[in-house]
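Remember, it's a predicted structure, so these values are computed and weren't measured experimentally. Naming convention: chains lettered A, B, ... in sequence-line order (proteins, then strands); numbering from 1 in each chain.
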2 protein chains.
Amino acid sequence: MESSQTLKPGMAKESIADLLRRHEINPTHQRVEIAQVLFERCEHLSADQIISHVNARFAETSKATVYNTLKLFLEKKLIRELIIDPNKVVYDPNTTPHHHFYDVATGRLTDIPADNIRIGTLPALPPGTVSDGVDIIIRTRPAA
Amino acid sequence: MESSQTLKPGMAKESIADLLRRHEINPTHQRVEIAQVLFERCEHLSADQIISHVNARFAETSKATVYNTLKLFLEKKLIRELIIDPNKVVYDPNTTPHHHFYDVATGRLTDIPADNIRIGTLPALPPGTVSDGVDIIIRTRPAA
DNA sequence: CCGCGAATTTAGACACTGTCTAACCCTCAC
DNA sequence: GTGAGGGTTAGACAGTGTCTAAATTCGCGG
Ligand SMILES: [Mn+2]
Ligand SMILES: [Mn+2]
Ligand SMILES: [Zn+2]
Ligand SMILES: [Zn+2]
């Protein structure tokens, strides 16, 4: 299982295309552009920000395609979805297990490597269900 | 510090009014109705569901008032806000420390008492910030 | 080269949640 | 009664995301 976190910021378009292919995603021009925006910055971006970045030089990708593509990337587990801000979903190119600080004043999101948090005993899951992952969000605010 | 979890489902209107007063909330008719919906059921309800319940017998409270009131309840720390479903915020009348199971298939939310989860070492917070709380969401899906 | 079906992209209409405004209502003090 | 202030309201509005139907592009066999 290849992992996206091996990507370097300067990764070439060809590598991006390969990454998509390894995740069973047909690397169209638009999909490569969107993946590039996500993996070059390696930040937590909203759909809106992605649309802006992709179309910064000149309009080349529609809103519908960006939403379609993000959903596809999610299905193929190339990226993660974070539901933290009530107004917008943000997408996380880092699919390794990790958690987040969320500054309630600024909205800023910061990664926390999974090894920095140790969870003791997980409680018994509701009957008939299995775990699909654990999300931990530590809300922070400016000191004093 | 009085706590809302001492409320019983059958709690009378008068008690609800007292609860609001203890939280420095002027108990108007609409606010009592909304609090009753929240604390009688003690479930996680969306604004939409609250509007429906409050106006089930006959229309008596506007959308604007429900949103205004929920925001007021939040400020006064009478309820909590949960950002888990991308489509709607849900409100939690249980303000004691606890976490949640989230069934990704059904959208169902279930409480996890805080003592059922032990967090080891918290990572160092970003400089200049203090913790404002920790939210843990265990996503689950139907087994097999 | 064609030609054709499937996959992809697109503009714009649409749905949904939540916010805002400006008028209105209600109570209470004077 | 009057005025002030808090509370409520309808409905317009905004932001985010979805859907549809048409257009474009792609892959591929002939
Ligand atoms: Mn480009
Ligand atoms: Mn009523
Ligand atoms: Zn992250
Ligand atoms: Zn809860």
For the pair made of [atom1] in [X] and [atom2] in [N], what is the distance, rounded to whole Å?
{"X": "B/Ile50", "N": "C/dT17", "atom1": "CD1", "atom2": "P", "value": "13 Å"}
{"X": "B/His29", "N": "C/dT27", "atom1": "NE2", "atom2": "C1'", "value": "16 Å"}
{"X": "B/Gln49", "N": "C/dC16", "atom1": "CD", "atom2": "P", "value": "15 Å"}
{"X": "B/Glu81", "N": "C/dG18", "atom1": "CD", "atom2": "C1'", "value": "11 Å"}
{"X": "B/Glu24", "N": "D/dG6", "atom1": "CD", "atom2": "C1'", "value": "16 Å"}
{"X": "B/Asp85", "N": "C/dG18", "atom1": "CG", "atom2": "C1'", "value": "15 Å"}
{"X": "B/Ile51", "N": "C/dG18", "atom1": "CD1", "atom2": "C1'", "value": "9 Å"}
{"X": "A/Leu70", "N": "D/dT16", "atom1": "CG", "atom2": "P", "value": "14 Å"}

From the options [options], select the nucleotide whose nearest atom is closest to the side chain of [X].
{"X": "A/Gln30", "options": "D/dG17, C/dG18, C/dT10", "result": "C/dT10"}
{"X": "A/Lys88", "options": "C/dG18, D/dA10, D/dG17", "result": "D/dG17"}
{"X": "A/Ser62", "options": "C/dA11, D/dA10, D/dG17", "result": "C/dA11"}
{"X": "B/Asp48", "options": "C/dT17, D/dA10, C/dT19", "result": "C/dT17"}
{"X": "B/Val89", "options": "C/dT17, C/dT10, C/dG18", "result": "C/dG18"}

Would you please confirm or rule out a distance under 4.0 Å between OP1 or OP2 of [N] and any side-chain N or O of [X]?
{"X": "A/Tyr67", "N": "D/dT18", "answer": "no"}
{"X": "B/Lys71", "N": "C/dT19", "answer": "yes"}
{"X": "B/Thr65", "N": "D/dT8", "answer": "no"}

> Is the backbone of A/Lys76 close enough, under 3.5 Å, to the side chain of A/His23 for a donor and an acceptor to pair up by distance?
Replying inline: yes
> Are any side-chain N or O atoms of A/His98 and backbone N or O atoms of A/Pro113, one a donor and one an acceptor, separated by less than 3.5 Å?
Replying inline: no
Hey, does [Y] have a side-chain heavy atom less than 4.5 Å from the side chain of [X]?
{"X": "B/Ile84", "Y": "A/Ile83", "value": "no"}
{"X": "A/Val104", "Y": "A/Thr140", "value": "no"}
{"X": "A/Phe101", "Y": "A/Asp103", "value": "no"}

> Relative to the 5' end of DNA chain D, which residue comes earlier, B/Pro86 or B/Arg31, by the nucleotide with the nearest heavy atom?
Replying inline: B/Arg31
Please list, pair by pair, any protein nitrogen or oxygen found under 3.5 Å from a nitrogen or oxygen in nucleotides 24-29 of chain D.
none

> Do A/Asp48 and A/Ser46 get their side chains close enough for a donor-acceptor pair, meaning under 3.5 Å?
Replying inline: no
> Going by atom types alone, do B/His44 and B/Asp111 pair a side-chain donor with an acceptor below 3.5 Å?
Replying inline: yes
> Checking side chain to side chain contact (heavy atoms under 4.5 Å, CB included) against A/Tyr91, which of A/Leu45, A/Leu82, A/Leu38 comes through?
Replying inline: A/Leu38
> Any N or O donor-acceptor pair linking the side chain of A/Lys63 to the base of D/dG17 at under 3.5 Å?
Replying inline: yes
>> Just to be sure I understand the rule, does B/Thr61 reach a base, reach only the sugar-phosphate, or reach nothing, if contact means heavy atoms closer than 4.0 Å?
In response: sugar-phosphate
> Within the structure shown, what part of the strands sits under 4.0 Å from B/Asn87 by heavy-atom distance: base, sugar-phosphate, or nothing?
Replying inline: sugar-phosphate
